[in-house]
Amino acid sequence: MRIFVISDLHLGGAEGFQMCSAKGRLLLADFIDWVSRQRADGTETRLVIAGDIVDFLAEREATGGFTAFSQTEEIALGKLNRILNSTAEVWDALDRLCAGEVGLTLMLGNHDIELAFPALRARLRARIGGHPIEFLFDNEAFSAGALLVEHGNRYDGFNQVDHDGLRRLRSHFSRRETPRDAFAVQPGSQMVAEVMNRIKEKYGFVDLLKPETAGVVPILAALDGGIWRKFGTVVKEASEAWYRGSVDHDGVPKRRELIAATTSSVAAAPPADLLDRDVFALADELVVGTHNEKVGWINDQIDDLKLSSLLRAFRKRKEKDGTTFEIERESDTYLRPAGAAALRGFQVVVMGHSHLAKSVIMPAGGTYLNTGTWADLMCLPDTVYGPAEDMAKAALKVFLADIKANRIDKYRCQVPTFAEIDVDGKVATGRVQFYDGNGHVEALSTQGMWSRLGVKG
Ligand SMILES: [Mn+2]
C-alpha cells in the first residue's frame, strides 16, 4: 500500500486572511492530480489529508468579526460554503482523485473542527462527488500497519481540542436540537480569533512568519508598542498556562475529556525549547523604549535604538532560530509522543500542525515525519544573521518598513511538501518530499528548504 500525506492546507479565508494563495491552490490541485497518476497496478493508493484542511478561523462571521468557533451548524455551513466556492479547483481535483480509485482520508486539525458537524461532513462528501471517503474525527488517528498519522495538535497544550464536547455537539446537531452547553474552545483558537486576527487586519505577516514567538513578538512590539501593551499580557499568560503541564512524560495530554488522553500523573518539565521568557522581556523593553514622557506613546517609529535591540536579539538567537527550518531538528513537543508511538510498534509517525517539514530518525527507532504546510511562509531575510552588521541592520530596516506598511507579498512563499509512505505487511518506510509542480518532486533537505524560501538579504 502506498500512502501520501499532506496537511495544513488552510484553505479559504476572508480578504487579507488567506494563508494558501490562489497560486498555491493551483499547485495543490496539480499535486492531487499527480497523486491520482501514482496508482500503480495492484498497489492500493491513498491520500490522507491530516488536518487544518480548511480554516474556519480565517472566515468572518455575519457581524464582520471573527470567532474562535462556529457555535451552530448553520453558521459553520455558511463559512464552509464560502470556502468551497473560493477554492473550487482543489475539490474538483479531489473528486477526480476519488473517481480514479485512489482512497481519500480526511482528518481533523484544530482550525477545521467544525467539519465534524453532520451537515458539514455531508456537504463536503457531496462536493467531492459523493465518493465513499473516509472521515476521521473524535481524535482518531489514521493507522495502516506500522504507519501512524495524526495532525499533532494533541500534544500542543495550547491547541488540544475538547473532542468530547465536540462529540456532544454533533449528537445534538444530528437531531436538530439546541446544545445545552457552549463548546469550550481551545485557547490557541481564542488567541487567533481575539488577538492574532485583530493584529492581522493591520499586519498580515503575523501568522506566516517563522519562528512564531521569537520572530513575531519582538517585531510587533517594535512596530506597534500599543499592540504589545494591549495584548502582551494575554500572550504571556497563555504561554505560562502551557508550561503548567498539560501533558505527561510521553507528551500525551492528561485531561480525560480530551478523548483518549492518558491519566498518568507524571508531570513533564516544560521542554527547554519552549521557554520564551527572554523574548517577552525583549518585547517589554522595546515598548518601554517607545514611551515618551511628553507625547505619551509613540508607537510608529522604528528608531535606531529599537533596530539595534532587535538586531542584537535576533543575532543572539541565531543558533536557536536558525534551526527553525532544519529538517532534522524538531521540538520535544512532537518527538516525545512520536518516540512513544515508535515503542508501540509504529515505524513511521507522521504529524503536521507546526507548518515546518521535518524528517527525523528517532533514537528509539522509527522515523518521525512532519508534512509541513501548503499555506504561505515568511522568514527574516538571511542577511539579518549574516556576518556584516551594517548590512544586517540595513536589511532589517527595509524588512520592518515593508511589513509595517503591509507590503508582504515579496516575502511570502509557498514550500509545498508531502509525506510518501510504503506499507508492506509489517514494514513501513517513509520520506518527505518537496512538490515543485508538474510532477517534479525532490527529497526534503534543509538546503532545499532554504532555497525554496527564497531568503534574500
Ligand atoms: Mn494545526
Side-chain angles (χ1 to χ4, degrees), residues 5-13 17-20 24 28 48-59 66-70 79 83 105-116 135-142 148-163 166 185-193 195-197 200 206-213 216 238-239 242 246-247 251-253 258-259 274 324 330-331 333-335 337-338 349-358 368-378 414-419 432:
V5 189
I6 53 175
S7 72
D8 300 83
L9 316 180
H10 290 272
L11 295 172
F17 284 78
Q18 288 182 5
M19 294 179 78
C20 183
L28 176 57
V48 178
I49 311 185
D52 287 358
I53 301 168
V54 300
D55 197 330
F56 286 98
L57 295 170
E59 293 293 327
F66 294 94
T67 54
F69 183 71
S70 321
K79 290 181 187 171
I83 296 170
T105 300
L106 302 181
M107 301 175 68
L108 292 186
N110 51 308
H111 281 237
D112 57 1
I113 56 177
E114 289 95 326
L115 287 183
F135 199 104
L136 295 180
F137 44 89
D138 286 349
N139 218 9
E140 253 190 59
F142 173 89
L148 180 68
V149 183
E150 60 177 310
H151 183 64
N153 62 304
R154 183 176 186 247
Y155 311 109
D156 163 6
F158 214 42
N159 286 303
Q160 287 167 353
V161 173
D162 177 4
H163 280 283
L166 197 57
V185 191
Q186 57 277 16
S189 290
Q190 280 169 354
M191 179 72 83
V192 170
V195 179
M196 296 290 274
N197 279 1
K200 199 174 162 85
V206 285
D207 57 353
L208 304 174
L209 188 77
K210 300 282 173 182
E212 262 167 6
T213 314
V216 176
S239 162
W242 207 113
S246 50
V247 296
V252 173
L258 305 168
I259 291 179
L274 287 162
T324 304
E330 178 57 295
S331 160
T333 305
Y334 308 107
L335 278 186
V349 179
V350 180
M351 294 188 199
H353 186 55
S354 69
H355 292 202
L356 298 167
K358 302 285 173 187
Y368 165 87
L369 303 175
N370 193 296
T371 42
T373 184
W374 290 69
D376 282 353
L377 291 168
M378 268 180 69
Q414 189 198 33
V415 186
T417 43
F418 66 99
V432 175

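All ligand and atom numbering here is 1-based and tracks the order in the structure.
For D52, the nearest N, O or S atom to the Mn ion (ligand 1) falls under 2.8 Å. Checking N110 against the Mn ion (ligand 1), an N/O/S atom falls under the 2.8 Å cut-off. Residue H151: an N/O/S atom is found under 2.8 Å from the Mn ion (ligand 1).
Partner M378 forms a side-chain contact (heavy atoms from CB on, under 4.5 Å) with one of L209, V206, D207 and no other, that one being L209. Just one of E212, K210, H10 meets the side-chain hydrogen bond (donor to acceptor under 3.5 Å, both in side chains) condition when paired with H355; it is H10.
Ring-plane geometry between F66 and F17 is classed as tilted, the angle between the planes lying from 30 to 60 degrees on a 0 to 90 degree scale.
Closest to the Mn ion (ligand 1) among the N, O or S atoms of H353 is ND1.
Side chain to side chain, D138 and H163 fail the donor-acceptor criterion of an N or O pair below 3.5 Å.
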